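The structure appears below as structure tokens.
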Amino acid sequence: MSDRLLAGLNDQQLAAVTLPAQPALILAGAGSGKTRVLTTRIAWLIQTHQASPQGILAVTFTNKAAKEMVARISAMLPINTRGMWVGTFHGLCNRLLRAHHRDAGLPQTFQILDAADQLSAIKRLLKGSGIDDEKYPPRNVQLFINDAKEAGLRSGSVEVDDPYGRKLVELYAMYDAQCQREGVVDFSELLLRCYELLVRNEPVRQHYQERFGHILVDEFQDTNALQYRWLKLLAGSRSAIFAVGDDDQSIYAFRGANVGNMADFEREFRVQNVIRLEQNYRSHGNILDAANALIRHNARRLGKNLWTAEGTGEPVRVFEAGSDGLEAAWLVDEVRHLVADGLARREIAVLYRSNAQSRVIEHALFNAGIAYRVYGGLRFFERSEIKHALAYLRLIENPADDTAFLRVVNFPPRGIGARTLEQLQDAARAHAQSLYAAVGAVAGKAGANLAAFVRLIDSLRFDTASLPLAEIVEAVIDRSGLVAHYRADKDGLDRVENLEELVNAAAAFVAEEGYAQDAAAAQADAAAALPSPLAAFLSHASLEAGENQAAEGQDALQLMTVHAAKGLEFHSVFITGLEEGLFPHENSLQELDGLEEERRLMYVAITRARRRLYLSFAQSRMLHGQTRYGIRSRFIGELPEGCLKWLTPRLREATGVRVGEWRGERVQPAAAASLRAGQEKNGYRIGQTVRHARFGEGVIITLEGSGNDARARINFGAQGIKELLLAIAKLEAA
DNA sequence: CTACCAGTCCTTTTT
DNA sequence: GGACTGGTAG
């Protein structure tokens, strides 16, 4: 039986799957069968009776990864996976907090704020306490609070020594108090509150420490400080942490991920079992050679070298375009040939560093009539009409939720304006009440409108109390006036359809979660203090924003940022916009280890390709409504020349293309003419290559001002982009 | 109270 | 170039 489970694993995979119950660190390179090892490990532990499903906790970062894990385990073992705790950090913390809400100091009906809800809660706090939001931008306050929480710090423990910082700490404390009053928690609060529960409550901690003999962590390189401490606490002294990760694919330091957790884990847990999965089952040799050569330029690595049993395959193709538009035109042409040769469009990915780059490419694809799908837009539960409907549902569940209250109190419009709400907020603050509870304090016409709104919510709560979830949602979208409002709008049809889809989503949710279908069973659930289907659905909506809007299924080209491509693979991959300042991004050069993270990002991008890889860059590009002239990314220079095949001639400089030299197979030479558009100013020209005594050779990106104030922004490649005063800087034409 | 226009600001992002 | 915010006019 277990022979079949383990069949086909290579030596390292087998060693990892069958490790004893001790702390283990699996360094799993791209395409090395990481998920397979993780799921087979779980199946093997259960099948060999080393663990029961109840004794297993598996943590991932995305819902998608969690679902896939459950699906693969179910396919391997004929067991009920329900007893197993497999989920995201946030999902698992939510589960724990629901079960122990009293011990955690939360109301049973606590709601989860997503990032947008949190921001609006902060804006409301600033406004309510008369704080200048120019001096304290809500976004910065949000970052400060989340950073602190993710470092495990409450407002009382954050160390600051300047007045500005002290004010931020004060705002942090006020924000937490506001959330507590309203019965809401943000994403980082889920983790911190759960961590504190385990720290303070010994019986609860011991219960879970004893229960989970095995803790398995996916994408360990992406864990932040708090997540690591949470894992450590939950593991206690007995349970075995099986951590799988790849330091070379750590691309989320900018949002608090700490690769250092891998080394800390190794040291603090005295990990004896470090296993490297280096055989890559995805890509051909040239692609892997390119990836390996690139990543060797990073200094801080645990060390790993991917290899493949497949052949070298095709060379990596490199294309230099005159402009972003020409890069897109070339790409369209190349895609056409690939498709004509029989490759499915969904097997081709176009990757870029930042979302803004997709527009030009989309434009070209659209005009060429090539079906494409852009990842990473609005997701289902983030759409405004859906958030409105959810806000009504949240008020039914928890009337103290002021964020939800403010979102829909005048939507659809019911004659309650800013003035009225100001009065209401003053009254609520004066009596330390929720907005909902304070409506009686506003008199007159406006007060009557407010009272009518509260009556609407109350009657919805009363009338739907015993209805199935889908019918509650239906009643809400109908009686709130949302559907009628969007029907009256000539562009509202999509929104009406989405609201109807929400009813379906509710029905599907109930079916999937196996909620009690009849009244008697529902009562039993209530007696067991299980959260109501509505409460569970609201958590689900916050924790899992749902699918992307783009239609799934049809055979379309895949467009996405490099970040979004992590974990995916394609037959052919285009990495576009490989220019200094863009990839690596200029902002990263100022950050500590920023360039290394950019390089890891490039590493992730390269390793997405199975068979064919294209790299492209453009000499000029429209950015922020301005033409910028860039030079080729240093990352191209870090790849072994032997793996590459240049589709365009190699040029010494970024400028000065001679049209006649273009011999790339399918390039229109005429297009190169647009290069010389640079405007002349103070004797310099945009796009001109100049030499600086300290920074070396660079390309002029912008020219501004005149006379003594004339300035130029110059891209010096590895030295970064500098703004120089032409009157002072000694520049010579190169 | 709503609708429209001007000014600002722009990496990456899951939960 | 475009999304979002804030101010003002109706």
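So that the names make sense, note that chain A is the first sequence line, chain B the second, and so on, each numbered from 1. Keep in mind the model is a prediction, meaning the values are calculated, not measured. Worth knowing before you read on, the calculation uses all heavy atoms, side chains too, and leaves out hydrogens, waters and symmetry mates.
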Atom [atom1] of [X] and atom [atom2] of [N]: how far apart are they, to the nearest Å?
X        : N      : atom1 : atom2 : answer
A:Tyr252 : B:dT14 : OH    : C1'   : 7 Å
A:Glu586 : B:dT12 : CD    : C1'   : 14 Å
A:Arg359 : C:dA3  : CZ    : C1'   : 12 Å
A:Gln142 : B:dT15 : CD    : C1'   : 13 Å
A:Glu150 : B:dT14 : CD    : P     : 14 Å
A:Ile251 : B:dT13 : CD1   : C1'   : 10 Å
A:Leu543 : B:dT14 : CG    : P     : 14 Å
A:Tyr375 : B:dT12 : OH    : P     : 18 Å

*State yes or no: are the ring centers of A:Phe635 and A:His297 separated by less than 6.0 Å?*
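For A:Phe635 and A:His297, the ring centres are not under 6.0 Å apart.
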*Given the side-chain rings of A:His90 and A:Phe61, with only the six-membered ring counted for Trp, is the space between their centroids under 6.0 Å?*
no
*Expressed in whole Å, how much space separates the C1' atoms belonging to C:dG6 and B:dT11?*
26 Å
_Taking only the P atom of each, what is the distance from C:dC4 to B:dT13 in whole angstrom?_
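Roughly 15 Å separates the two P atoms.
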*Please check if any side-chain donor atom of A:Ser384 sits under 3.5 Å from a side-chain acceptor atom of A:Arg495, or the reverse.*
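On atom types as modelled, these side chains qualify, holding a pair under 3.5 Å.
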*Do A:Asp222 and A:Gln227 get their side chains close enough for a donor-acceptor pair, meaning under 3.5 Å?*
no
_N/O (side chain, A:Arg255) to phosphate O (OP1/OP2, B:dT12) under 4.0 Å_ = no
_Does B:dT13 have OP1 or OP2 under 4.0 Å away from a side-chain N or O of A:Thr561?_
yes
*What distance separates A:Phe110 CZ from A:Asn94 CG, expressed to the nearest 0.5 Å?*
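Answer for the CZ-CG pair, A:Phe110 versus A:Asn94, is 5.0 Å.
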_Please compare A:Leu601 and A:Ser542 by the position of their nearest nucleotide in DNA chain B and report the one closer to 5'._
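The residue closer to the strand's 5' end, by nearest nucleotide, is A:Leu601.
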*Can you list the steps and then say if A:Asn449 with A:Arg414 is a side chain to side chain donor-acceptor pair (under 3.5 Å)?*
CA-CA 7 Å; A:Asn449 288 341; A:Arg414 39 176 79 88; over 6 Å; no
_Please classify B:dT12 as syn or anti, treating any glycosidic angle within 90° of 0 as syn._
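B:dT12: anti.
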_Considering every strand and a 4.0 Å limit on heavy-atom distances, what is the contact class for A:Phe89: base, sugar-phosphate, or nothing?_
nothing
*Would you indicate what A:Asn63 reaches in the nucleic acid, counting non-hydrogen atoms under 4.0 angstrom: base, sugar-phosphate, or nothing?*
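A:Asn63: backbone/sugar contact only, no base atoms under 4.0 Å.
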*Identified side chain to side chain contact (heavy atoms under 4.5 Å, CB included) partner of A:Gln249 from the options A:Lys34, A:Arg600, A:Lys566*: A:Lys566
*salt bridge (charged side-chain N to carboxylate O under 4.0 Å, His left out) involving A:Arg621 - partner list, sequence neighbours excluded*: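 With sequence neighbours excluded, A:Arg621 shows a salt bridge (charged side-chain N to carboxylate O under 4.0 Å, His left out) to A:Glu327, A:Glu579, given in chain and number order.
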*Assign a letter to each nucleotide of nucleotides 2-11 of chain B from its 5' end: B, base within under 4.0 Å of a protein heavy atom; S, sugar-phosphate only; -, no contact.*
S-------BB
*With the threshold set at 4.0 Å, does a side-chain nitrogen-carboxylate oxygen contact exist between A:Asp593 and A:Arg300?*
yes
_Can you list, in residue-number order, the parts of residues 114-132 of chain A that come under 4.0 Å of DNA chain B, counting heavy atoms only?_
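The answer is A:Ala115.
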*Does atom CZ of A:Arg139 have more than 12 heavy-atom neighbours from other groups under 6.0 Å away?*
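No - once you tally the heavy atoms of other residues, nucleotides and ligands closer than 6.0 Å, there are 12 at most.
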